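The model shown is predicted, which means the values in this text are computed figures rather than measured ones. Sequence lines set the chain letters: A, B, ... in the order given, protein chains first and strands last, and positions in each chain run from 1.
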Number of protein chains: 2
Amino acid sequence: MTVNGKPTINDVARIAKVSKKTVSRVINKSPLLSEKTRVQVEQVIADIGYVPNPQARALALRRNFIIAAIHDNPNAQFLVNVQQGILEGIAGTEFGLMVEPVDRNSPTIVDDIRGFLERQRPYGVVFLPPISENDELASLCDSLGTKYVRMVSRELDKPEHIVMSNDREAVYGAVKHLIAMGHEKIGFIEGPDSLSPAERRAGYEQAMEEAGLPVHDWMIAKGRYTFESGVEAGLALIDGEARPTAIFASNDEMAIGAVIAARRRGIEIPRGLSIIGFDDTPLSSHIWPSLTTVRWPIVEMAKAAATKIIGGEEADPNLGVKLSSTLMERDSVVPPSRV
Amino acid sequence: MTVNGKPTINDVARIAKVSKKTVSRVINKSPLLSEKTRVQVEQVIADIGYVPNPQARALALRRNFIIAAIHDNPNAQFLVNVQQGILEGIAGTEFGLMVEPVDRNSPTIVDDIRGFLERQRPYGVVFLPPISENDELASLCDSLGTKYVRMVSRELDKPEHIVMSNDREAVYGAVKHLIAMGHEKIGFIEGPDSLSPAERRAGYEQAMEEAGLPVHDWMIAKGRYTFESGVEAGLALIDGEARPTAIFASNDEMAIGAVIAARRRGIEIPRGLSIIGFDDTPLSSHIWPSLTTVRWPIVEMAKAAATKIIGGEEADPNLGVKLSSTLMERDSVVPPSRV
DNA sequence: TTGTAGGCGTTATCAC
DNA sequence: GTGATAACGCCTACAA
């Protein structure tokens, strides 16, 4: 009772003595089906090892069983973590993961992505920060009927379209931690212009204000999330009007840059300067001194994003909407030395 | 003369007053076509902005216009570099990139990958090390008619199926560099069991032998390519029978682990111990002291792999078969101090 | 609850 | 060279 080649829906139908459509209903778990027929057809499917052909389904349904991660060149660890999360979310399903890089500064970015979506027709897409903040791309997906989830740090879309981390609270907590240790002059290295860095800065300012500590211009330096910009920013803060006793950097790479900057100025970490980063990249625990940092739930966010996309209506729209970052205390923070 | 919805091959055929098949021939650049018809059809295609539907092609051709990177959890930077290379290779084409992780130790790995290939039917796949060394997977692709390219460090397949780096030569050169500086007791931190680490070790042994330097057991420590294993291996070498004056680590993560190990023993880098890594991860230039390391042409290899896959017969089978690694000299290497 | 006919958009076969 | 016609394998109407 074998079939030659890979079995198709026709083989199943023929052997089970039902129509193609009935088999199709079984595959798609249609509710209007007699239990008897379903069991019978499922038996045949199992017997001959039938697996629906995704290409055919894609043609008929006008969408591929693929989730695409659309990103604008974030750092490697972040990207891989997102990929891992999405893969966890689609594990055991027929879905696959595609990766599509885009250039945020391209004037044709919307058309570029439209082209990609019309070509590959992914079932859904996950937008990574910072392009996740682009509302045009969300509208584009809507108009194309493509599901999407945006990884963000503020509620800039409906719950079903976002997964969110509480960057502001996390930084607020981290800075409070520094304050509790006795630090008062706390420098802040800001990330590039977009929402997530702004949230982080807001958390910093909130903690400072609450403690009645002034935030001067020279206590804030801007970086680009890169190591090099962290060095520059670190030097700017150290050489500024009054040397801070602690620095919060908006990501680990810049924090490590600040570590190097301190070393260049002959400052010992953490005794001469406490530093906190953000991301909890593997790197942060590999350097010396190991870096106290905020752990960002990237994998969980990405997994939630994938789950929301393939879950359809049944999925909890609030899944992953409020994931928490937590402070990982390591060796780069101590109370300020009384000089 | 517009069409409603997205134009299809039928619209083109109707407007150009030719058959579908002729349009198909134009798209696929069939040689047996009158110049006149081609130009005419191409004009219509341009006019109405027709773009072939990949899903339909996928169904008819039984393969998707996708390249899959199949990997077994290599480190983040490596994976992202490979992805970047593949994306560079397919830029401007209709191809997309999929990512498929597998578990090297799974007893069902071949079936897992078979399932993936039969489901997504990628046009071709790129196998990353170390699973690129698995011949079964190559046979699997052959039997399925899936193109494949393996990223390897030794010629274990036909040229058209590999892209290769000269790990052995690169390490040989790096160790010779240490020897030229006057080092004689040179420790080696080996990678986990697979071909590429073996090649690297071979390069080390070759350089030592040529210089008439003995290679004792206690000069070699085994790691797992992780930071932690680098720390352990570093400690083992330092605490061994005779402390080396230089260490070559088979990747950057372990090299950085060795840096930390040295620090734990109160040894100053590079004065007390020179260290060379392998990979040239961004990290290596961000730590202090910056790490002398071997730059591995990962992006180039991956790009060549993608080019070979989509290039078909016309592609040079030897493309990317002999890409060179080069030594990046930074601050972690100095001549041994005469104590 | 189940089946029939037709469509999704392309390529392959084989005549002309 | 070119064009009917039939795959490719599934799904959606609509009918029964």
Measure the distance from [atom1] on [X] to [atom2] on [N] and round it to the nearest whole Å.
X	N	atom1	atom2	value
A/Phe65	D/dC11	CZ	C1'	11 Å
A/Leu59	C/dG7	CG	C1'	9 Å
A/Arg121	C/dG9	CZ	C1'	10 Å
B/Arg63	D/dG9	CZ	C1'	18 Å
A/Asn64	D/dC10	CG	C1'	13 Å
B/Asp11	C/dG9	CG	C1'	11 Å

**Asked** Once the angle between the rings of B/Tyr123 and B/Phe65 is folded into 0 to 90°, is it parallel (under 30°), tilted (30 to 60°) or perpendicular (over 60°)?
**Response** parallel
**Request:** Determine whether more than 12 heavy atoms belonging to other residues, nucleotides or ligands lie under 6.0 Å from atom CD of A/Glu118.
**Result:** yes
**Item:** Electrostatic pair A/Arg150:A/Asp135 at N-O distance under 4.0 angstrom
**Value:** yes
**A/Glu94 bridged to A/Arg57 by N-O distance under 4.0 Å** = yes
Do the non-hydrogen side-chain atoms of [X] and [Y] ever get within less than 4.5 Å of each other?
X	Y	result
B/Arg25	B/Leu32	yes
B/Asp142	B/Tyr148	yes
B/Val163	B/Val321	no

**Request:** Identify whether any heavy atom of A/Leu33 sits under 4.0 Å from a base atom; if not, whether one sits that close to sugar-phosphate; answer base, sugar-phosphate or nothing.
**Result:** sugar-phosphate
**Fill in**
Tested for side chain to side chain contact (heavy atoms under 4.5 Å, CB included) against B/Val12, the lone hit among B/Val18, B/Val26, B/Ile48, B/Thr22 is B/Ile48
**Prompt:** Which nucleotides of nucleotides 10-16 of chain C have their base under 4.0 Å from a protein heavy atom (B), which only their sugar-phosphate (S), and which neither (-), written as one string 5' to 3'?
**Reply:** BBB----
**Message:** Does a side-chain N or O of A/Thr22 approach OP1 or OP2 of C/dT2 to a distance below 4.0 Å, or not?
**Reply:** no
**Item:** Verdict with reasoning, A/Glu300 to A/Lys303, per salt bridge (Lys or Arg N to Asp or Glu O under 4.0 Å)
**Value:** CA-CA 5 Å; A/Glu300 292 85 341; A/Lys303 181 174 179 180; over 6 Å; no
**Message:** Heavy atoms within less than 4.0 Å of DNA chain C: which residues of residues 34-44 of chain A have one? Give them sorted by number.
**Reply:** A/Ser34, A/Thr37
